[in-house]
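A quick write-up on the structure given underneath.
Keep in mind that this is a model prediction, so the values were computed, not measured.
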Amino acid sequence: MDTQSPASGGPGRAYSLDPVTLEVLKNSFSTIVDQMAEQILRTCHSFVMYARDFSSALCDHEGNTVMQGSADIAVHVGTLHFTAKAVIEAFGDDIGPGDVFAVNDPYLGGTHFCDVRIVRPIFAGSEIIGYSQSNGHWADIGGSVPGSFDVNAKEHFGEGLRLPPIRIVHRGRYCGDVVRMIVSNTRAPEAAEGDLHAQLEATRIAEIELLRLVAKYGRETVVTAMQEVQDYVERLTRQRVAEMPDGTWETIDFLDYDPANGEGLVPVKVRMTIAGDRIRYDLSGSAEAVATFLNGTFGSSFSGLVTGTKMFFPDLPLNSGFYRVLDVELGPPGTVVNAQWPTAVTGFCSGSYGKVVNAVFELWSHVQPQRAMACCVDIEYLLVGGRDRRTPDGDVFMWYDWMVGGWGGRNGKDGSSATSAVFGVGEAVQPLEGQERLCPVVTTEHQIATDSGGPGRFRGGCGVRKGGVLTAMRGTVMSYCCDRARSITWGIQGGLPSIPHGVWLTRAGGEPRYMGAIFSNVPVGEGDRFTRPSAGGGGLGDPLERDPAAVLEDVIDEYVSVGRARRDYGVIVREIDRELDLFEVDMEATRSERRRIRAERIGWLSEDPEGVAGRFRSGELDVLDLVRQFGVILDWGTGQLLPQTTAQYREMLQRRAVPAWLATEGGAA
């Protein structure tokens, strides 16, 4: 078997370049892409880009990805080669030295309209040897709401400017008229053009560095290395897959609901088959596209499959060689994972993409139980946009915020807390001071959300709670792109779910109001306050099997409350002195409580849902009692029972939790 280096030699070696040269060039390609990232960080204009919502790639002459950045956004990874190929197909032979192209079209394999890709062909003499590509999330790309996230959009026309492959530099001449047309359709044209120039320069850096390698090693050697690096990844991936057991596994995750069909979870089905050295994914059982913007196109769904798979092969490099091992059947056009023009898709990141990724996590947890991991937090965005009264001319502002959250419990370890979502682990937590300087929104709290980690033998990581107050502004609206208020981040192997997502808005002088996990264009004003939690990860394993000493530590760290220690883990913790962090476990009471929960918990899942909802409305039960013990889902703002959603959610708990509970019924406390 090959080692982890493409330079490994020996009999039967599959590469034509000598081992040292190939290894040096492989690492040189990686350095080039990381140099692109550094260039963007130093020259970008928008706060969103500065917080690392961008990715870079080096592609070969056919558009195949040779290398990606070491801190790239996961969702971009499986799509950048589609973009390069779209440029090649659109322009064919009409590509010359000094040309640069822009594209953001999700229906050509991109992600959403805010992700603008800059693609530069790299010529060695008269021949294209590759393409450099910079993908950056622009803070606004037009559309009907600030930040371009309109949940009411059913078609893309309300989501912003759609860019098919378009030339923005022609034979070295900057097409200022074309760029002005593009950025004039955004709410922050100066920032958009500034980010565009940062991306242009990043792709130019890649061109300079790749041609430097050509000057040193020769064109033929560099081009050969670009191919052999991909071949190496394919060969190594096939070897690793061939070591896995053949078989077929399937699972299902859900979006919260389809606005056109009333309440009821929306299924995303994933079937995985391993046969020899290939992996086949089939998503054809997924629901039709929903009447909001949470749908995904073929590019983002493919990227979700790549992201989920790659997590279980962390030591493998990633380029188009990895993709060659995957056979993907997305199913018929027009589904939530295979949306077609002009279906709205901007919110795919919180919708279909996260569901595909987490479903793949669950499937691979069966194949590689030593790497098992429960469901992780989905990405979420809160956007506040309007006019900033702190500036003389009332400039447009956009407070564009995402939060970290919890990853799922893992085999032998608790999940990571306060970590960027799987969507983009490279994304940074935006500095609050920078946000407050740029926008009239003051953060009032930002802390770990107690009890947000899904209970399990290995607890899900905790999410965070963030709140703020709106200050000197006018003509301002708020939008929120999320999900998992009903299809709550779930556990596996007996583990329990996290907490529902959603925003609470308190008008100046008013009472808190639950806004839900998806809304847009809600007018807000000075003095209004908001708060929102991010979900933690789901738990892994029966929570009644968790070591009471670990639960005690969670209580001391304020990851778990005393009350939830008892309800979720059956651990009776007594407070001695909170100021001194003095608590103790009553072991006898814990053994008794765990026996009681074991005897009753399966029955809780068949209790009358309306009766459970009534106990919630009376204050006897809280939200976590409903989602973790009784499997009942309500409209969290009104307390109204959602019967179809509850039935689907209970089925999920029956499938992911009950078999493991039955297996541990006789276990000791």
S417 side chain to G461 main-chain N or O, any donor-acceptor pair under 3.5 Å? no
Crowding at CD, E558 (>12 non-hydrogen neighbours, <6.0 Å): no
For residues 335-352, which residue pairs pass the salt bridge (charged side-chain N to carboxylate O under 4.0 Å, His left out) check, not counting sequence neighbours? none
Ignoring hydrogens and angles, tell me if any N or O in the side chain of S534 forms a donor-acceptor pair with the backbone of V464 under 3.5 Å. yes
Here the side chain to side chain donor-acceptor pair (under 3.5 Å) pairs for residues 501-512, sequence neighbours left out, are R507-D528
Correct closest heavy-atom pair for A344 and N295 would be O-ND2, 3.1 Å
Distance in Å, F302 CZ paired with N338 CG, rounded so as to fall on 0.5 Å steps: 13.5 Å
Between H170 and F101, does the ring centre distance come in under 6.0 Å? no
Qualifying residues under salt bridge (Lys or Arg N to Asp or Glu O under 4.0 Å), relative to E155, sequence neighbours excluded: none
Ion pair present between E89 and K85, side-chain N to carboxylate O less than 4.0 angstrom? no
Under 3.5 Å, side chain of S55 to main-chain N/O of D72, donor-acceptor pair present? no
I'd like to check the side-chain hydrogen bond (donor to acceptor under 3.5 Å, both in side chains) partners of Y480; sequence neighbours left out, ordered by chain and number. E380
Under 3.5 Å donor-acceptor, T443 side chain and E445 backbone: no
Could you walk me through whether T346 and E159 satisfy the side chain to side chain contact (heavy atoms under 4.5 Å, CB included) test, starting with their C-alpha distance in whole Å, then the side-chain angles of each, then the deciding distance to 0.1 Å, before giving a yes or no? CA-CA 7 Å; T346 292; E159 298 187 289; 2.7 Å; yes
Can you confirm if the aromatic rings of F298 and F82 lie within a centre distance of less than 6.0 Å? yes
For W490 and S498, indicate whether the former's side chain and the latter's backbone hold a donor-acceptor pair under 3.5 Å. no
Can you tell if the side chain of V396 reaches within under 4.5 Å of the side chain of D388, non-hydrogen atoms only? no
Nearest 0.5 Å, please: how far is CD1 in I499 from CG in D451? 9.0 Å
Do E207 and R204 sit within salt-bridge range, that is, some charged N less than 4.0 Å from a carboxylate O? no
Non-hydrogen side-chain atoms of V178 and I166 separated by less than 4.5 Å: yes
Taking the ring of H137 and the ring of H112, is the distance between their centroids below 6.0 Å? yes
Hey, what's the ring geometry for W402 with Y400, parallel, tilted or perpendicular (30° and 60° as the breaks)? perpendicular
For N521, enumerate each residue passing the side-chain hydrogen bond (donor to acceptor under 3.5 Å, both in side chains) test, keeping only those at least two apart in sequence or located in another chain. none
Does atom CD of Q447 have more than 12 heavy-atom neighbours from other groups under 6.0 Å away? yes
Backbone of G299 reached by a side-chain donor or acceptor of S303 within 3.5 Å: no
Could you check whether atom CD of E288 has more than 12 heavy atoms from other residues, nucleotides or ligands sitting under 6.0 Å from it? no
Using residues 145-154 as the side-chain source, report each donor-acceptor pair under 3.5 Å to any protein atom, sequence neighbours left out, with the distance given to one decimal.
| residue | atom | partner | partner atom | Å |
| --- | --- | --- | --- | --- |
| S148 | OG | I141 | N | 2.9 |
| S148 | OG | G142 | N | 3.3 |
| S148 | OG | G142 | O | 2.6 |
| D150 | OD1 | N152 | N | 2.9 |
| D150 | OD1 | S520 | OG | 2.9 |
| D150 | OD2 | S144 | OG | 2.4 |
| N152 | ND2 | S520 | OG | 3.4 |

Sequence neighbours excluded, the answer for salt bridge (Lys or Arg N to Asp or Glu O under 4.0 Å) partners of R465 is none
In terms of the angle between their ring planes, are W341 and H156 parallel, tilted or perpendicular, with boundaries placed at 30° and 60°? tilted
Main chain of L200, side chain of R120: is a donor-acceptor contact present, judged purely on distance under 3.5 Å? yes
Quick one: does T476's side chain get under 4.5 Å of R387's, heavy atoms only? no
So, R484 and D253, do they make that salt bridge, N to O below 4.0 Å? yes
Checking T203 against M36 for the side chain to side chain contact (heavy atoms under 4.5 Å, CB included) test, could you report, in this order, the C-alpha distance in whole Å, the side-chain angles of both residues, the deciding distance, and whether it holds? CA-CA 7 Å; T203 61; M36 294 175 68; 4.2 Å; yes
Between atom CG of L80 and atom CD of Q133, what is the distance when rounded to the nearest 0.5 Å? 4.5 Å
Is any side-chain N of the basic residue among K355 and D483 closer than 4.0 Å to the acidic one's carboxylate O? yes
Between the main-chain N or O of Q435 and the side-chain N or O of W399, is there a donor-acceptor pair closer than 3.5 Å? no
Contacts of type salt bridge (Lys or Arg N to Asp or Glu O under 4.0 Å), residue D395, not counting sequence neighbours: none
Only counting residues at least two apart or in another chain, list the ones meeting side-chain hydrogen bond (donor to acceptor under 3.5 Å, both in side chains) with R162. D105
No-hydrogen, no-angle side-chain donor-acceptor test under 3.5 Å, D256 and S487: yes
With a 3.5 Å distance limit and no angle check, can you tell me whether S286 reaches the backbone of V268 through a side-chain donor-acceptor pair? no
Please output the side-chain donor-acceptor pairs of residues 259-266 that fall under 3.5 Å, not counting sequence neighbours, one pair per line with the distance.
| residue | atom | partner | partner atom | Å |
| --- | --- | --- | --- | --- |
| N261 | ND2 | D258 | OD2 | 3.1 |
| E263 | OE1 | T645 | N | 2.9 |
| E263 | OE1 | T645 | OG1 | 2.6 |
| E263 | OE2 | Q644 | N | 2.8 |

When you measure from the side chain of S300 to the backbone N and O of G296, does any donor-acceptor pair fall under 3.5 Å? no
Take L641 and T646, measure what side chain to side chain contact (heavy atoms under 4.5 Å, CB included) needs, and give me the verdict at the end. CA-CA 8 Å; L641 176 69; T646 293; 3.7 Å; yes
Mind jotting down which residue pairs meet the salt bridge (charged side-chain N to carboxylate O under 4.0 Å, His left out) criterion with at least one end in residues 466-478? Sequence neighbours excluded, please. D401-K466
Audit row: Y174, H197, ring-ring contact (aromatic ring centres under 6.0 Å, His included) steps and yes/no: CA-CA 10 Å; Y174 181 65; H197 280 287; 5.0 Å; yes
So does R513 have more than 12 non-hydrogen atoms from other groups sitting under 6.0 Å from CZ? no
Under the side-chain hydrogen bond (donor to acceptor under 3.5 Å, both in side chains) test, which residues partner S46, sequence neighbours left out? D195
Does any donor atom in the side chain of W138 or Q199 lie under 3.5 Å from an acceptor atom in the other side chain? yes
Working to the nearest 0.5 angstrom, can you tell me the gap between S479 OG and M398 CE? 12.0 Å
Supply the atom-to-atom distance F361 CZ to T307 OG1, rounded to the nearest 0.5 angstrom. 7.5 Å
Interatomic spacing from CZ in R117 to CG in N135 - rounded to 0.5 Å: 4.0 Å
